[in-house]
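To start, the structure itself, in structure tokens.
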There are 2 protein chains.
Amino acid sequence: MARDAGRRPTIYDVAKEAGVATSTVSRALANPDRVNERTREHVLAVAERLGYRINPLARALPSGRTQTLALCVSDVTNPHFFGIIRGAEQQTRASGYTLILGDTEESPELESNHVERLGGSVDGFVIAASRMADAEIRELAGKHRLALISRQVDGVPSVMVDHEDGTRQILEHLASLGHTSVIYLAGPRRSWTAAKRWQVIRSTARQLGMTPTRLGPFPPAVRGGAAAADAAIGQGATAAIAHNDLLAIGMLRRLAGRGVRVPADISVVGYDDIFGADFCSPPLTTLAGPFEEAGRLAVDLLLGSRDGRTRARPASQVVLPSHLAIRESTGPAPRPR
Amino acid sequence: MARDAGRRPTIYDVAKEAGVATSTVSRALANPDRVNERTREHVLAVAERLGYRINPLARALPSGRTQTLALCVSDVTNPHFFGIIRGAEQQTRASGYTLILGDTEESPELESNHVERLGGSVDGFVIAASRMADAEIRELAGKHRLALISRQVDGVPSVMVDHEDGTRQILEHLASLGHTSVIYLAGPRRSWTAAKRWQVIRSTARQLGMTPTRLGPFPPAVRGGAAAADAAIGQGATAAIAHNDLLAIGMLRRLAGRGVRVPADISVVGYDDIFGADFCSPPLTTLAGPFEEAGRLAVDLLLGSRDGRTRARPASQVVLPSHLAIRESTGPAPRPR
DNA sequence: GTGAAAGCGCTAACAT
DNA sequence: ATGTTAGCGCTTTCAC
């Protein structure tokens, strides 16, 4: 009786057709060097002829390895993550893996949900801009292979764009323009980067003789810009650092609406150099970084340690250089009235 | 002997601990109503206590259903797809499924590669802006569950934003501003929408007494804008319709660089109303549509027909309404010199 | 180098 | 309503 036509051929079909055992087919497919060359070629030819495709599920069951990675971002619609997503996707594919994308919508609960839900069907996680607490991240890192982007936690591999040095660059730029005070429009309370940036702004501003003020938190989105701009104006700010470009662009818009000139009346700086930062008006001065590279590296970190269960070396924490893209939203401090 | 601590508990562990058969555990988990309420509660409690998590792989092997969908887009970094991605992701998750994202980089080969590679581990595909030929799409639709976005192929379910009617809106807008000719800066040769739009532009422009011209193709990205703008200027155009907003924004930039005023010297229109279209300078007149909704619907279409092998009704082809977002990049036709 | 056979964790007949 | 059991398609000892 012939194979029934509708079904996808399995290694049994190939084995029978080739006159060998299923184990030989399996080996020919997965460990080519552990089988006689002629046998292998024959098996492969038969497989080809039958239109055999490996069944990833069946392959994954015994081994527990799915060749799949998950990437969680806090907001898929934030252009900031585009580069990260693309980089991670490319590197994942280049390594023969598949990428699952998860949107965690700024929620630490959704984040751990994702991990919980996908834990069984994924070989590891890349989490970008995690909103989870350090302890929770460490706990997850104990159960799953994990790499972080834009977040550092002891003992967990991560890749960062150097926003600490970048923040210093921003402040020096502002100081060189004669600003004597600076306002930070903060990101979400849960945001690790927001806390970090404020720390650096506070200490560095003082070193440079500037007065730092923090306002917020504001939603890190364009819609958060109106409130942020109003708050900055209310403070009589001459220089404002927004938590990210989305917020900065929203501010620019509100400022324009209120007739406040940028940078004549107030300078505005953002973070990330997202799509649009170079063509908003005025074009935004912002901290740029190699985020696509970050995505790629995070995947490498994850896959690199795949050989052993236990990591001998301490988890790598990569820091990528950032640079300030100076455009037209920053200028000399206005003369005091 | 106690269960070994390191391993994830399986239904066997739960069954033994609860004093029932594995099939009962399985039923309690998957078909709650096919088991005695008390038994079910007991089983569930034990599972909970043991920290049991279902193994999606093992579940998928017998049934062949992975509760996973794949979304392929032609370019993950194109903001146009953000809405689609987000919508699809939400609806997928809401349906208890997981979403895999694939970037096909404008290549029909990569597209079918993806399908080929993921075919075994996914319950269906949503393909946005497919670059494949109709025949190939039909063939894939025969082997896999498939839904299209921004593409129509007979017999394949799809959801579109009405760019035909939208194109008519654009032309009427331009005609009402006194333009007597219009240039279409075409998208990729493989792009189905590009061909469709040109058809509509050509026929409608004539109805409205305008002279249509097509230039290109151009890469549908900001970097394509310089060549497109130069070409448009070369033609002495007073009105230009770019294949998408990315291209339009690139044109705006080049036009500004060359000292050509928009819209005084030339009007520019785009498609998609992407992030940034409202804050570039000048803000772009563009065809807007509910793309997030499109993403959601495509997933619904895919999952909706999941009950039967065969579709009794013809595949649904949903068309969503579009509307023209009129901003400052379009204005009255310049007086002939 | 190759074959036989026992799982991987779950589902789904089929019995009871 | 619940238990028994035979797979799902592949990998992987363990023999030969």
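Basis for what follows: all heavy atoms, side chains included, without hydrogens, waters or symmetry-related copies. Lettering of chains follows the sequences in order, A, B, ..., and the numbering in each one begins at 1.
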In whole angstroms, the gap separating P of D:dC8 from CZ of A:Arg53 amounts to 21 Å
When you get a sec, tell me which of D:dG9, C:dC10, C:dA13 is the closest nucleotide to the side chain of B:Ile54? C:dC10
Distance, rounded to the nearest Å, where B:Asp13 contributes CG and C:dG9 contributes P: 9 Å
To the nearest Å, give me how far apart CZ (A:Arg40) and C1' (C:dT2) are. 14 Å
Proximal nucleotide (of D:dC10, C:dT2, C:dC10) relative to the A:Asn55 side chain: D:dC10
A:Arg59 vs D:dT11: side-chain N/O to OP1/OP2 distance below 4.0 Å: yes
How close or far is atom C1' of D:dG3 from atom CD1 of B:Ile11, stated in whole angstroms? 13 Å
D:dG9, D:dC8, C:dA4: which one has an atom nearest the side-chain heavy atoms of A:Ala21? C:dA4
From C:dT2, D:dG9, C:dA5, pick the nucleotide closest to the side chain of A:Thr22? C:dA5
Decide yes or no, distance alone: a donor-acceptor N/O pair under 3.5 angstrom between the base of C:dC10 and the side-chain of B:Tyr12. yes
Could you verify whether a donor N or O on one side chain and an acceptor N or O on the other, from A:Ser74 and A:Glu105, lie under 3.5 Å apart? no
From D:dG9, D:dG3, D:dA1, pick the nucleotide closest to the side chain of B:Thr24? D:dG3
When A:Asp33 and A:Ser63 are each assigned the nearest nucleotide of DNA chain C, the 5'-most assignment goes to A:Asp33
Counting side-chain heavy atoms from C-beta on, which of C:dT2, D:dT11, C:dG9 comes nearest to B:Pro62? C:dG9
CD of B:Glu41 versus P of D:dT2: gap in Å, rounded? 12 Å
Answer with yes or no whether the side chains of A:Gln67 and A:Thr98 bring together a donor and an acceptor at under 3.5 Å. no
Phosphate-side-chain proximity, B:Ser26 and C:dT11, N/O vs OP1/OP2 below 4.0 Å: yes
Taking NZ, NE, NH1 and NH2 as the nitrogens, is one of them in A:Asp75 or B:Arg86 under 4.0 Å from a carboxylate oxygen of the other? yes
Do the side chains of A:Thr68 and A:Ser121 get nearer than 4.5 Å, heavy atoms only? no
Please state how far atom CG in B:Leu61 lies from atom P in D:dA6, giving the value in whole angstrom units. 18 Å
Nearest 0.5 Å please: distance from the CD1 atom of A:Ile84 over to the OG atom of A:Ser150. 5.0 Å
Does a side-chain heavy-atom distance below 4.5 Å link B:Leu301 with B:Val126? no
Rounded to whole Å, CG of B:Asn31 lies from P of D:dA1 at a distance of 12 Å
Check if the side chain of B:Arg27 and the base of D:dG3 share a donor-acceptor pair of N or O atoms closer than 3.5 Å. yes
Just to be sure I understand the rule, does A:Val20 reach a base, reach only the sugar-phosphate, or reach nothing, if contact means heavy atoms closer than 4.0 Å? sugar-phosphate
Side chain of B:Thr39 only, please: which of C:dT11, D:dA1, C:dA5 is the nearest? D:dA1
Can you check the B:Arg65 CZ to D:dC8 P distance for me, whole Å? 18 Å
